[in-house]
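The structure under discussion appears below in the form of C-alpha cells.
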Amino acid sequence: MMRAGLEHYLVVSFLLFSLGLLGVVARRNLLVVYMSLELMLNAANLALVAMSRFNGNLDGQVLVFFIITVAAAEVAVGLALIVALYRRRQSAHVEDLASLKL
Amino acid sequence: MSVSYLFLEIAVVLSGLGLLLVDLWTPAEHKRGLGYMAAGAAALILAFSFSKIVDPGVSVAAFGGSFTQDALALFFKRFFLLAAVLILLMEVEFSDRITAGITEYYALTLFALAGMMVAASVNDFALLFVSLELMAVTFYVLTSFQRTRLGSLEAGVKYLILGAVSSAILVYGIALIYGSAGTMNFTKIADKAELLKESKIAVFGFLLVLVGLGFKVAVVPMQIWAPDVYQGAPTPTSAFLAVGSKAAGFALLLRVLHGAAPELLLSWERLLMILSGLTILYGSLCAIPQRNLKRLLGYSSIANAGYLFLGISAGTVAGVSAILYYLAGYLFAVVAAFFVICIVSKANDSEDISEFAGLSKHSPFLASVLALSMVSLAGVPPMAGFFGKFLLLKSAAEQAVSYPGYYVLLGVAIIGVVISLYYYFEVVRAIYWSPGSQDRRVIILSKPAKLALWTCAAGMVLVGVFPNLVARATDAAAAALKF
C-alpha cells in the first residue's frame, strides 16, 4: 500500500487553496465568499501541519493555532458586517456593493 | 530582560483597556473627551520611548530571536506613536458623527497602534502574521465604524474580503518558506539563503509573502481596495490607514527583504522596479479625474507607495534612509490634509472638492494648512515632500550606473511628479481662486485641533527646511538593517 508523502499533502492543500480563491472571485453571495476565504486559510493550515510533520519541528503547528484564532476573529467581524449591511440593503450580494465609485 | 523591550507595546494595550474601563464610569456627554486621554497616553508613551529602558542603543534580539529592538524599530515606533497622537485628536473632532461607541473607536485605534509597533520589530514569520492581523482585524472594524452609513459598511466589507484574501496568500507563502527552510526565524532563514535561492518552492513562497505585504502598502496590482476604502471609511481611519498601515507595511517589507531574503532582494531588483513604475503611473493617472478629495488622496497614496518602492528596489542604505525620510514628511502632510477634510466636511458630510471652494475667504488658517499639505505632497521645494522625493530619486539614480534600467524608472517617476502637480494644484485652485457659496458659517477650531494642525504645518516645513536633522536619524535607523 502506498503511504502519503509530503507532496500528496501539498497537492491537496494547493487544490483547496485554488478552490477557495476561485470561490472568492466567482461567487456572488457574501456568505459563500466568507466560506471560500476560510477554505483558503485552512489550505494553508494543512500545508503548515504537513510541513511541520516532515520538518520534525513544531513551529508550523504553533502558527496554525494563531491562524485558527485570527480566522475566527475575521469571520466574527465579517458576519457582523453582513448583518449591518443586510439591515440597510436587505441583501447580501456583491453586486449591491457599488455605491463607492468615481 | 526580554520583556522590557515590549514595554511600549504593553503600555499601549493597557491604555486601550484602561480607556474601556474608564468608559464604564463616564457619563455619556463626557465620553467624547476620553479621546484627549488616549492622545495624552500615547504622547506619554512617545516620551517614554526615549528612555534607556526601552532603547538599548544597540541591536538586541529578544524572545528567542523573534523580536528585534534596534534603531529602525524605534524609529518606526516613534513614528506610529506620533501619528496616533495626531489621529486621536482628529477622532475627537470627528466624534459627533459616530452614533455609538466612541470610546471603542479610540480604544481600537490604540490596539491597531500596538499591532503596528510590534510589526516594526518583527524578526519571525509567526510574529509577522500575528502583528499584521492585529492591525488588519482592528482596521476592518474601524473602517465600518459608521455602521448607519452605507459607504462605511461597503468600504468595510470590501477591505475585509480583499484583506482576508491577501492574508491567506501571505500565510500560504509562509508555509512554503517554512517547508523549505525548516524555520520561521528571519536570521536563520538568511543563513540558508544560498540553499533557498535554488529552491523554487521557497522563491515562490517569498513571492506570495511579497503579494500579502504589497496589499498593505497598496502597490499595483494589489491596490484595488485603496480608493474605495479611503473614501468610505471615517476620515480619521482613512488617515490612519494612509499613514500607519502603509508605514507598517513598509517596515515589514524592509524586515523580510533585508532580514530574511537579502539574496532574493538582488535578483528581484527588476521586479521591484516594474512594480514601482506601474504603481506611480497608475496612482497619478487615476487621480486626475477624481472629484472626491478623500478618494483623490487614496490614489495619491497609491502613487506614493510607488515612490517609496524606488527606495526598496535600490536596496541600499541611502534607499532605506530615503524611505524613512519620505515617510516622516508624508506623515505630517497626510494627517494635515485629512484633519482639514474632517473639520470642513462636518457641516454637510460631503468631501467633494467643490465643498472646499472659497475656503480661504472664511477660514484662512484651514485653507493655508490644506494648501501647504498639497504643496508638500506634490513635492515643491522647500517642503518635506520635495526632499523626500529628491532622496528617493537620488538613491535610485546611484544604482543606474550599474543597471541602466533605472533611467527608465527615473523618467517614469518624474512624469508621475509632473502629473501629480496638476491634481494637487487643482485642490489649491479650488481653495483660493474659486468663488464659494456665501452662506458659510465661520468654523470655530478647538484648542487641541489648532495644536495638531500647527504641529503638522511645522512638521511639513521643518522636515523640509532642516533636512540634516531628520536625515541623521533616518541614516542611523537604516544602518540597523543588513545590506
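Per chain, numbering begins at 1; letters A, B, ... match sequence-line order. For the numbers below, each heavy atom of this structure counts, side chains included, while hydrogens, waters and symmetry mates do not.
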- Query: Can you list the residues that meet the salt bridge (Lys or Arg N to Asp or Glu O under 4.0 Å) rule with A:E38, with sequence neighbours excluded?
  - Reply: none
- Looking only at atom types and distance, does a side-chain atom of B:S131 sit under 3.5 Å from a main-chain N or O of B:L128, one as donor and one as acceptor? yes
- Query: Measuring heavy-atom distances to chain B, does A:L6 have an atom under 4.5 Å in its side chain, in its backbone, in both, or in neither?
  - Reply: neither
- Message: For B:A61, is there any backbone N or O sitting under 3.5 Å from a side-chain donor or acceptor partner on B:T68?
- Response: no
- Message: Between B:T187 and B:N185, is there a side-chain donor-acceptor contact under 3.5 Å, judged purely by atom types and distance?
- Response: yes
- Item | Atom group of A:L30 that falls short of 4.5 Å from chain B, counting heavy atoms | side chain
- With a 4.5 Å cut-off on heavy-atom pairs, point out which of A:I67, A:V94, A:V33 contacts chain B the most. A:I67
- Could you give me the CA-CA distance, side-chain angles and deciding distance for B:F125 and A:L63, then say whether side-chain contact (heavy atoms from CB on, under 4.5 Å) is met? CA-CA 9 Å; B:F125 274 117; A:L63 183 56; 5.7 Å; no
- Flag for B:E133-B:S167: side-chain donor and acceptor within less than 3.5 Å: yes
- Query: Any sub-3.5 Å donor-acceptor pair from B:Y178's side-chain atoms to A:G60's backbone N or O?
  - Reply: yes
- Query: Hey, is CD1 on A:I68 packed in by over 12 heavy atoms from elsewhere, all under 6.0 Å?
  - Reply: yes
- Message: I need the residue from A:R87, A:R89, A:E74 with the largest number of non-hydrogen atom pairs under 4.5 Å to chain B.
- Response: A:E74
- Message: Can you tell me which portion of B:V130 sits under 4.5 Å from chain A's heavy atoms? Options are side chain, backbone, both or neither.
- Response: side chain
- So which part of B:N292 gets closer than 4.5 Å to some heavy atom of chain A, the side chain, the backbone, both or neither? neither
- Engaged part of A:F14 at the chain B interface, taking heavy atoms whose separation is under 4.5 Å: both
- Message: Whether the B:Y423 and B:S300 side chains hold a donor-acceptor pair (N or O, under 3.5 Å, no angle test) is what I'd like checked.
- Response: no
- Query: Between the main-chain N or O of A:N57 and the side-chain N or O of A:N55, is there a donor-acceptor pair closer than 3.5 Å?
  - Reply: no
- Message: With a 3.5 Å distance limit and no angle check, can you tell me whether A:D59 reaches the backbone of B:T183 through a side-chain donor-acceptor pair?
- Response: no
- Toward chain B: residues of residues 41-48 of chain A with heavy atoms under 4.5 Å: A:L41, A:A43, A:A44, A:A47, A:L48
- Query: Does A:Y9 OH have over 12 foreign heavy atoms under 6.0 Å away?
  - Reply: no
- Query: Is B:K294 reaching over with its side chain to a backbone N or O of B:A233, donor-acceptor style, under 3.5 angstrom?
  - Reply: yes
- Message: Heavy-atom cut-off 4.5 Å, strictly under: side chain, backbone, both or neither for A:F17 against chain B?
- Response: side chain
- Select one option (side chain, backbone, both, neither) describing which atoms of A:T69 are under 4.5 Å from chain B's heavy atoms. neither
- Message: I'd like to know if the side chain of B:S144 pairs up with that of B:Y159 as donor and acceptor (distance under 3.5 Å, no hydrogens or angles considered).
- Response: no
- Please list, in residue-number order, every residue in residues 134-141 of chain B that has a heavy atom less than 4.5 Å from any heavy atom of chain A; write 'none' if there are none. B:V137, B:Y140, B:V141
- Query: For B:F129, is it the side chain, the backbone, both or neither that has a heavy atom under 4.5 Å from a heavy atom of chain A?
  - Reply: side chain
- Query: Relative to chain B, which segment of A:S52 carries a heavy atom at a distance below 4.5 Å: side chain, backbone, both, or neither?
  - Reply: both
- Return each pair, listed once, that meets side chain to side chain donor-acceptor pair (under 3.5 Å) where at least one residue sits in residues 147-157 of chain B; pairs must be two or more places apart or across chains. A:S99-B:E154, B:Q146-B:R149, B:E154-B:K158
